[in-house]
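FYI, side chains are in, hydrogens and waters are out, and symmetry mates aren't considered; it's all heavy atoms of this structure.
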Amino acid sequence: MRFMIVDDDEVIRTMLSDIIEDYDLGEIAGEADNGSLIDTALLERKKIDILVIDMLMPIRDGVQTVKSIKADFTGKIIMLSQVENKEMIGNAYSLGVDYYITKPINRNEVVSVIRAVSEHMQLKNLVHNIEKNLHTALRSNHSAEIANTIRHTPLPLTIRQKGEMMLTEMGIGGEKGCKDLLDILQFLQKQEQETLMQKDFPSLKIIFTKIAEAKLGQENTIEIQKEYKALEQRLRRTIFQALVNLASMGIIDYANPKFEEYAAKFFDFTEVRKIMLTLESNEKVNMSQIHINSKKFIKVLFMEAKKD
């Protein structure tokens with residue numbers, strides 16, 4: 001992966017460069033201290049895969065820069081900021097930011113986010129290449145029977161990979177609860193296989209307990225209870241952030257494909273609309289005022305991820 005780092009703080013640029021190089025995450029192809037130096041032509045010329053850019057900078061900030069390049073830039077964008085306001089984060093995602101990292105920089109978070117971005121790009125490239133190869137095969141093969149078989153050959157993506165792609169598109173691929181959701185997908189898939197398609201979807205209590213036990217061991221009762229509660233809260237915060245991100249997308253563009261695809265499917269649309277009205281009024285979005293249906297979100301994510 002080739003990186004462009006844009007931040008007016010030289011210390012931050014150096015720190016990020018060191019992390020990327022120390023963990024062999026890619027190559028630093030360029031740096032800049034403000035967004036006015038960044039345009040699509042420069043990113044294409046340097047073959048940038050991932051743009052890491054600060055939200056607040058002099059001359060031209062990260063938000064303005066993302067607006068100017070997003071229509072033509074095919075890589076991924078990671079935004080940095082000391083601001084932890086959920087509305088601003090949601091707005092950043094709605095503009096096309098793929099991941100968000102808060103300052104002060106945490107080495108583990110940076111590594112985790114960059115790896116997630118890289119994996120997502122590799123998955124998209126894999127899907128693109130497979131579709132391209134299938135299309136070529138279909139054009140060159142005159143056998144209707146073989147062509148039909150090729151056309152219906154499922155892409156070799158695991159349920160975890162498909163889940164990660166959806167969560168990333170909702171702007172929560174870098175959230176702490178994302179890994180929990182992916183672990184849950186794998187647990188549900190395994191349970192469905194072992195119980196031969198049981199009809200009843202398991203309760204959140206069963207799901208959370210099993211995930212905690214897998215992490216800590218069944219004998220660690222007290223720690224399991226603590227992890228159960230922590231897991232529950234991580235998921236609520238992560239799902240709430242997805243709701244805010246989608247609502248922000250809907251405000252900017254009601255026909256946004258991600259908004260149309262996910263908003264009504266994963267959430268009660270009255271809750272989505274409530275968030276949209278709150279954001280439009282420039283009021284603070286409060287999770288306590290919204291009903292977070294974690295079970296619905298998990299169930300829909302599982303049903304969508306296991307589709308061919």
Side-chain angles (χ1 to χ4, degrees), residues 1-35 37-40 42-57 62 65-66 69-70 72-84 89 92-93 95-129 157-158 160-183 234 238 241:
M1 294 293 166
R2 291 172 61 82
F3 292 81
M4 170 70 75
I5 301 176
V6 186
D7 196 301
D8 58 317
D9 188 333
E10 185 177 358
V11 173
I12 295 295
R13 297 200 305 272
T14 300
M15 186 182 302
L16 289 170
S17 296
D18 289 345
I19 292 172
I20 290 169
E21 291 172 355
D22 289 348
Y23 286 84
D24 196 25
L25 299 173
E27 174 187 355
I28 307 300
E31 295 184 11
D33 60 7
N34 76 82
L37 304 173
I38 305 301
D39 57 28
T40 306
L42 173 67
L43 297 174
E44 288 182 351
R45 187 167 65 252
K46 289 185 173 290
K47 299 180 180 178
I48 301 301
D49 298 301
I50 300 174
L51 172 65
V52 184
I53 187 167
D54 189 26
M55 177 182 279
L56 303 176
M57 294 181 291
T65 303
V66 170
I69 67 169
K70 188 56 184 176
D72 301 308
F73 179 54
T74 57
K76 296 295 183 181
I77 300 174
I78 299 174
M79 183 161 279
L80 311 170
S81 181
Q82 291 180 322
V83 178
E84 295 190 52
I89 295 174
Y93 278 123
L95 294 173
V97 171
D98 298 286
Y99 286 83
Y100 192 94
I101 295 176
T102 55
K103 295 181 178 180
I105 296 298
N106 179 287
R107 177 176 291 260
N108 291 334
E109 182 183 11
V110 171
V111 172
S112 175
V113 167
I114 289 178
R115 282 178 175 164
V117 173
S118 298
E119 288 172 6
H120 187 245
M121 291 187 71
Q122 290 166 1
L123 284 175
K124 290 193 72 173
N125 289 337
L126 172 63
V127 172
H128 175 74
N129 290 335
L157 298 178
T158 66
R160 190 180 186 95
Q161 290 171 330
K162 287 187 281 187
E164 184 176 9
M165 291 181 73
M166 286 188 283
L167 296 176
T168 298
E169 290 192 328
M170 285 187 269
I172 56 173
E175 297 289 327
K176 292 180 179 178
C178 178
K179 182 181 181 302
D180 297 314
L181 287 166
L182 298 178
D183 289 342
R234 286 197 301 272
T238 299
Q241 187 60 58

Inter-residue atom distance [X].[atom1] - [Y].[atom2], 0.5 Å rounding:
X      : Y      : atom1 : atom2 : answer
Met166 : Leu181 : CE    : CG    : 10.5 Å
Leu56  : Asp8   : CG    : CG    : 9.0 Å
Ile38  : Leu43  : CD1   : CG    : 6.0 Å

Only distances under 3.5 Å count here; give the side-chain donor-acceptor pairs of residues 16-25 to other protein atoms, sequence neighbours excluded, each with its distance to 0.1 Å.
unit_1 : atom_1 : unit_2 : atom_2 : d
Ser17  : OG     : Arg13  : O      : 2.9
Ser17  : OG     : Glu31  : OE2    : 3.2

> Looking at Lys46, Arg2, Lys47, which hits salt bridge (Lys or Arg N to Asp or Glu O under 4.0 Å) with Glu27?
Replying inline: Arg2

How far apart are the closest heavy atoms of [X] and [Y], and which atoms are they?
X      : Y      : answer
Ser118 : Ile50  : OG-CD1, 4.1 Å
Leu167 : Cys178 : CD1-SG, 3.7 Å
Val66  : Met79  : CG2-CE, 3.9 Å

>> Could you go through Thr65 and Val6, starting from their C-alpha distance and side-chain angles, then the distance that decides it, and tell me whether this counts as side chain to side chain contact (heavy atoms under 4.5 Å, CB included)?
In response: CA-CA 10 Å; Thr65 303; Val6 186; over 6 Å; no

>> Can you list everything that forms a side-chain hydrogen bond (donor to acceptor under 3.5 Å, both in side chains) with Ser112? Sequence neighbours excluded, please.
In response: none

> So do the side chains of Leu42 and Leu37 get within less than 4.5 Å of each other, counting heavy atoms only?
Replying inline: no

>> Quick one, Lys70 and Ile77 - any side-chain contact, counting heavy atoms below 4.5 Å?
In response: yes

>> Using modelled atom types and a 3.5 Å cut-off, is there a donor and acceptor pairing between side-chain atoms of Asn106 and backbone atoms of Glu109?
In response: yes

>> With side chain to side chain contact (heavy atoms under 4.5 Å, CB included) as the criterion, how do Ile114 and Tyr99 come out once you've worked through the C-alpha distance, each side chain's angles and the decisive distance to 0.1 Å?
In response: CA-CA 9 Å; Ile114 289 178; Tyr99 286 83; over 6 Å; no

> Which one of Ile105, Ile53, Leu80, Thr14 satisfies the side chain to side chain contact (heavy atoms under 4.5 Å, CB included) criterion with Asp7?
Replying inline: Leu80

